[in-house]
Amino acid sequence: MATGTEPPATEPRPESGGVRGGTRAAIAAPHLRTDRWWLAPAGTAAGLLAFIVYSTWRAFANADYYAAPYVSPFYSPCLAENCEPMKAGPNWEIFGSWWGISPAIIILIFPLGFRLTCYYYRKAYYRGFWASPPACAVAEPHKKYSGETRFPLVLQNIHRYFFYAAIVVAGILTYDTVLAFRDETYAWGHMGLGTLVFLVNIVLIWAYTISCHSCRHIVGGKLKHFSKHPVRYRMWQWAGKLNARHMQLAWASLVSVALADFYVYLVASGAFDDPPFF
């Protein structure tokens with residue numbers, strides 16, 4: 001019985017493999033979309049690439065990451081002895097003196113691991129960099145697809161554990177934000193433009209972290225009767241509302257953490273003076 005998808009006899013059958021296999025619809029055209037579908041994956045790839053280049057430069061710079069009372073979120077907490085001394089700041093010399101390169105390399109593993117395994121970011125860089133698939137209704141160029149069942153993509157399943165680490169990191173960055181209510185002499189009761197930058201950043205960091213799918217499952221998963229767990233049900237609803245904005249929060253927090261680091265860099269390098277509000 002004809003299905004309406006068979007090509008005419010005079011038209012060559014598309015190359016086999018992947019979505020071009022014999023059991024799939026025999027559509028010769030690469031896709032049937034007429035809009036600029038490539039703009040979204042191209043923009044995503046450009047945005048992520050820009051952050052990768054910037055964060056790599058700042059992580060290996062090992063300089064201009066502290067200007068009292070502000071510490072770059074890329075370097076907090078500082079876990080090696082080669083950190084700049086920060087009064088009442090996150091100086092935890094766990095790694096001792098043997099760690100010779102930038103201390104940012106130690107701590108960035110956790111927030112970056114959380115974002116790399118994030119469900120939204122998987123979609124973003126799968127489409128943006130791997131074209132898997134490039135966009136909705138556009139066939140991917142790969143002939144084989146094994147999903148996340150093989151190494152290294154099987155490691156995406158540790159996302160929940162990175163979530164626990166992200167909670168700790170967000171807590172530390174909250175502490176750094178509280179310390180930002182000091183002036184350059186460490187006197188309390190002051191607020192500068194950097195304090196506002198840190199406040200916006202930590203709100204977005206927490207919103208992105210709590211909107212995570214793992215968080216939503218942790219607070220409300222495996223419950224048979226929501227009525228018997230009203231507190232967890234309410235938390236699950238809140239997490240669900242944030243989860244609906246997970247993509248927007250992922251980008252907003254990515255931009256805000258880079259801007260917070262760049263602000264500290266400008267102040268620490270002497271290129272900009274932090275204007276005080278009070």
Side-chain angles (χ1 to χ4, degrees), residues 48 51-52 54-56 58-60 62 65-66 71-83 86 89-96 98-99 101-126 148 151-179 198 200-222 232 235-236 238-239 242-243 245-247 249-261 264:
L48 292 177
F51 180 81
I52 291 170
Y54 174 80
S55 60
T56 301
R58 288 293 293 141
F60 282 95
N62 195 19
Y65 58 85
Y66 181 67
V71 56
S72 165
F74 288 179
Y75 286 81
S76 182
C78 222
L79 302 179
E81 286 187 7
N82 60 346
C83 298
M86 297 175 281
N91 279 103
W92 304 341
E93 300 173 356
I94 300 176
F95 278 69
W98 65 270
W99 186 267
I101 62 176
S102 172
I105 306 302
I106 306 173
I107 193 61
L108 281 180
I109 295 173
F110 301 103
L112 288 180
F114 177 58
R115 289 182 183 266
L116 281 173
T117 58
C118 165
Y119 295 133
Y120 166 69
Y121 280 115
R122 294 187 210 179
K123 168 190 170 183
Y125 63 78
Y126 284 178
E148 296 173 340
F151 183 84
L153 295 185
V154 70
L155 297 178
Q156 302 281 29
N157 295 318
I158 64 176
H159 177 60
R160 173 176 293 188
Y161 302 101
F162 275 120
F163 168 75
Y164 299 141
I167 288 290
V168 175
V169 172
I172 295 171
L173 296 183
T174 302
Y175 175 71
D176 294 340
T177 303
V178 173
L179 295 181
F198 272 52
V200 172
N201 178 58
I202 196 58
V203 168
L204 290 174
I205 289 291
W206 273 114
Y208 166 66
T209 304
I210 296 175
S211 70
C212 171
H213 296 74
S214 293
C215 177
R216 187 168 180 263
H217 178 74
I218 290 170
V219 298
K222 297 185 177 180
R232 290 186 63 184
M235 294 173 63
W236 179 80
W238 290 340
L242 284 175
N243 182 258
R245 299 289 184 268
H246 195 51
M247 178 184 72
L249 292 171
W251 280 105
S253 60
L254 193 72
V255 172
S256 71
V257 73
L259 287 178
D261 171 82
V264 175

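- Going from atom OG1 of T117 over to atom CG of L112 covers 10.5 Å, rounded to the nearest 0.5 Å.
- Note that CG of N82 and CG of N62 are 5.5 Å apart. Values are rounded to the nearest 0.5 Å.
- Using modelled atom types, no side-chain atom of R216 and backbone atom of G221 make a donor-acceptor pair closer than 3.5 Å.
- A 4.5 Å side-chain heavy-atom check between L242 and W206 finds every atom pair outside the cut-off.
- Between the R58 side chain and the S72 main chain, no donor and acceptor come within less than 3.5 Å of each other.
- Contact of the F163 side chain with the I167 side chain is registered, since non-hydrogen atoms from C-beta on lie closer than 4.5 Å.
- Closest heavy-atom contact between R122 and Q156: NH2-O, 2.9 Å.
- At least one donor-acceptor pair closer than 3.5 Å links the side chain of Y121 to the backbone N or O of A250.
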Open item on the list: Y126 vs L153, test: side-chain contact (heavy atoms from CB on, under 4.5 Å). Steps then yes/no.
Closed with: CA-CA 11 Å; Y126 284 178; L153 295 185; 3.7 Å; yes

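- Taking both residues in full, the closest heavy atoms of I52 and T56 are given as O-OG1, 2.6 Å, listed atom of the first, atom of the second, then distance.
- Contact check for S76 versus I107: no side-chain heavy atoms found under the 4.5 Å cut-off.
- Residues D261 and Y54 form a side-chain contact, since some pair of their non-hydrogen atoms from C-beta on lies under 4.5 Å apart.
- Contact between F162 and I109 at its shortest, heavy atoms only, is CE2-O, 3.9 Å.
- Sulfur atoms SG of C212 and C118 are positioned 2.5 Å or more apart.
- For the residue pair C83 and Y65, the shortest heavy atom distance occurs at CA-OH, 3.3 Å.
- If you take CD on E93 and CH2 on W99, they are separated by 15.0 Å, rounding to the nearest 0.5 Å.
- F51 has its side chain within reach of V257: a pair of non-hydrogen atoms, C-beta onward, lies under 4.5 Å apart.
- Taking the six-membered ring for Trp and thresholds of 30 and 60 degrees, H159 and F114 have nearly parallel ring planes, at less than 30 degrees apart.
- Within the 4.5 Å cutoff, the side chain of I172 has heavy atoms near those of the W92 side chain.
- We find the OH-CD1 distance between Y75 and I106 to be 11.0 Å, quoted to the nearest 0.5 Å.
- Qualifying salt bridge (charged side-chain N to carboxylate O under 4.0 Å, His left out) partners for R115, counting only residues two or more places apart in sequence or in other chains: none.
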Open item on the list: One pair to check against side-chain contact (heavy atoms from CB on, under 4.5 Å): Y119 and N243. What are the steps and the verdict?
Closed with: CA-CA 11 Å; Y119 295 133; N243 182 258; over 6 Å; no

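- With contacts defined as side-chain heavy-atom distances shorter than 4.5 Å, the pair P90/D176 qualifies.
- Scanning both residues, I218 and R232, for their nearest heavy atoms gives O-NH2, 3.1 Å.
- Under the ring pair (Phe, Tyr, Trp, His ring centres under 6.0 Å) criterion, F60 pairs with no residue, sequence neighbours left out.
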Open item on the list: Set out, in order, the CA-CA distance, both residues' side-chain angles and the distance that settles side-chain contact (heavy atoms from CB on, under 4.5 Å) for V203 and V200, then state yes or no.
Closed with: CA-CA 5 Å; V203 168; V200 172; 6.0 Å; no

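- We find the CZ-CG distance between F198 and L179 to be 9.5 Å, quoted to the nearest 0.5 Å.
- Side chain to side chain, H217 and R160 meet the donor-acceptor criterion of an N or O pair below 3.5 Å.
- Across Y208, Y120, W251, a single residue satisfies ring pair (Phe, Tyr, Trp, His ring centres under 6.0 Å) together with H246, and that is Y208.
- Side chain of S102 to main chain of A59: a donor-acceptor pair is present (N/O by atom type, distance under 3.5 Å, no hydrogens or angles).
- Applying the side-chain contact (heavy atoms from CB on, under 4.5 Å) rule to S256 yields the partners N201, L204, S253; only residues at least two apart in sequence or on another chain are considered.
- Residues W238 and I210 are not in side-chain contact: their nearest non-hydrogen atoms beyond the backbone lie 4.5 Å or more apart.
- In this structure, CE on M235 lies 7.0 Å from SG on C215, to the nearest 0.5 angstrom.
- The minimum heavy-atom distance linking F95 with W98 is given by the pair O-NE1, 2.5 Å.
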